[in-house]
Amino acid sequence: MKKEELIKKLEKVELPDIELQSHRRRLRMTLLSAGYLQKQPRVVILDLAKSKLKGGIDAMIKGLVSRQPVWKTALASALAVALIVGLAIALPSFTEQSPEVLAQEIVENSPEVKAGEGNKDGRW
């Protein structure tokens, strides 16, 4: 039941006449001290922002708290980082040509070497 519905129902309720003055006085003082007459239901932007922020913080804390021990997560993260670094170092060496093969290709494609191929004794 929403607050507005409850207020409407309470406004329509007819109370029986109570003859005890002390009961009425206590009831009146209780209602006045609770501040129902002074407080108006209004939404303040700052209160709304505070409640949204508190809800976000609660959700973030629940996300950080896990059932498994923290060391397992830290170990898995460290292994993943080590694997990524190892692959970043090792993969380029597999895809590149060795320096010897690269030097041989440069010599074979060099115009100076092609011009000197006429030398029969094999010296440069």
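- Between Ile106 atom CD1 and Glu108 atom CD the span is 11.0 Å, to the nearest 0.5 Å.
- A distance of 10.0 Å separates CD in Glu11 from CG in Leu6, rounded to the nearest 0.5 Å.
- Put simply, CD1 on Ile7 and NZ on Lys3 are 6.0 Å apart, with the number rounded to the nearest 0.5 Å.
- A donor-acceptor contact shorter than 3.5 Å links the side chain of Ser77 to the backbone of Thr73.
- Side chains of Glu100 and Gln104: a donor-acceptor N/O pair is absent below 3.5 angstrom, by distance only.
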